[in-house]
Visitor: 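Here's a structure for you.
Naming: A, B, ... by sequence-line order, numbering from 1 per chain.
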Number of protein chains: 4
Amino acid sequence: MGAYETVVKVRFGDIDHAGIVFYPRISEYFHVTFEEFFADRVRLPYHELFDIRRLGLPTVRTEIDYRESLRFGDVARVEFGVLGLGRCSVTTRYRIRKKPAGPVCVDARVTVVCVDMETFRPVPVPDDLREVFLAHRVEDRDE
Amino acid sequence: MGAYETVVKVRFGDIDHAGIVFYPRISEYFHVTFEEFFADRVRLPYHELFDIRRLGLPTVRTEIDYRESLRFGDVARVEFGVLGLGRCSVTTRYRIRKKPAGPVCVDARVTVVCVDMETFRPVPVPDDLREVFLAHRVEDRDE
Amino acid sequence: MGAYETVVKVRFGDIDHAGIVFYPRISEYFHVTFEEFFADRVRLPYHELFDIRRLGLPTVRTEIDYRESLRFGDVARVEFGVLGLGRCSVTTRYRIRKKPAGPVCVDARVTVVCVDMETFRPVPVPDDLREVFLAHRVEDRDE
Amino acid sequence: MGAYETVVKVRFGDIDHAGIVFYPRISEYFHVTFEEFFADRVRLPYHELFDIRRLGLPTVRTEIDYRESLRFGDVARVEFGVLGLGRCSVTTRYRIRKKPAGPVCVDARVTVVCVDMETFRPVPVPDDLREVFLAHRVEDRDE
């Protein structure tokens, strides 16, 4: 199936004193994309993972290249894919391009770990999630 | 005792596309002030109210006049006082001036209700909080 | 034409330590709605108002009743309408209900002033905006 | 001189639906620290770099390990140091420990590039900044 894509609009309040998207907001765009991925592809609203299944997926590592700034008025196409799947962790990739098309503006690897929400200790990624993550595997090559 | 005052610095990421503090951030400055008030005057770290006493103080009404914009580089003096105290609710006032001195830039009334965190239902404001709130009573006159 | 409506999803990062949407985020939902209104109804991307026409619409007053909390997993239907139109200012109303339907959770009046971005001084609301605002007039009655 | 340190309090609104600091907020803590570093050590308020000298320092790369979560009530000691200094770029390191003491909870490398704010093109880091950055050099070893 490959990558999943969603669209995030740059908002008025995302801009910083330099007139570009404040860089921590970029990670919020990733999170919105992850939430949409859960709704659309896992078919599990992300809040149910926490509130019903009592699992969480906290971020343990990020590696982000900000190649080109985003500005107010830009519409970000955020592409999400899975680079690797461990027993308890998932390494994901996010790429942002400006709509309609263009080069990669932001390129990121984000690793999350599956935890039991009661103990915050790592637990194996459940099989149903594992299957969906594997279906969105992407290759790790530059663009 | 009257009003409590703390200082909040306008941060790089608080600025919006118009070059001023994005107005929802002003309410975040109020909340920071409320947290500091709890630490300094109630002598109860705000998180303990939630995590140990299982009480919350959600905001049920705000009325805010934004008279003058704040910009990056400004330091906000936030003044907090209590206008009225009901059985389960507290009506508070926040006023922001720029440091070192000057006219009121933001003038706000914020009403919070004391709730039981399990049920999210109103409960009477506990006596120890009531006492500290009363000690920070301010008069409701314009400036 | 009456009110304009858009949909805003409550996001993971909008939640606070009490497990509900942090109240300043509600005003961000209003702003997103205003940006969408500009794109859909004024047919002027909001950033062009600033960057090309050099006008701004800073918020000078808000009055907000938070009647029911929003939580992660909720989808907010945000209704926007115009209560009054002055020479240089517009008084607007926002109402949030949870999707699919239900009572008003948040009810707000927000007044903005049209300013020249060079001077930040009030200027008359331009005729093309005035016309669209008037077409979205709503009555000021409780619900 | 080595590392610079400042203190950032975890705020009520920084918490996410999992009950920990929403990870993009961690980068905001870094930015606050950078602003404080400018005020305290460069002796140049950060806004003057933009508004008077017309230079910016956008982030072009981040690499962050989130080893331990931060929660509401925690006070973060953020340590800032310089790992490397290029002609137009600076590679910095941020480490967060919980106050009063303890292991590194977050370990980050953040690379910024000096740009001309008119063109957003890289320019050499000015000598006065270069000197202060060099005075805060730290070694790149694990802890």
Visitor: Give the member of B:D51, B:V32, B:I15 that has the highest number of heavy-atom pairs under 4.5 Å with chain D.
Guide: B:V32
Visitor: Can you tell me which portion of B:F50 sits under 4.5 Å from chain D's heavy atoms? Options are side chain, backbone, both or neither.
Guide: side chain
Visitor: Determine the option with the most heavy-atom pairs under 4.5 angstrom with chain B, choosing from D:E48, D:K9, D:E35, D:H31.
Guide: D:E35
Visitor: Would B:E28 and D:R11 pass as an ion pair if we require N to O under 4.0 Å?
Guide: no
Visitor: Check whether any side-chain heavy atom of B:F34 sits under 4.5 Å from a side-chain heavy atom of D:F12, and report yes or no.
Guide: no
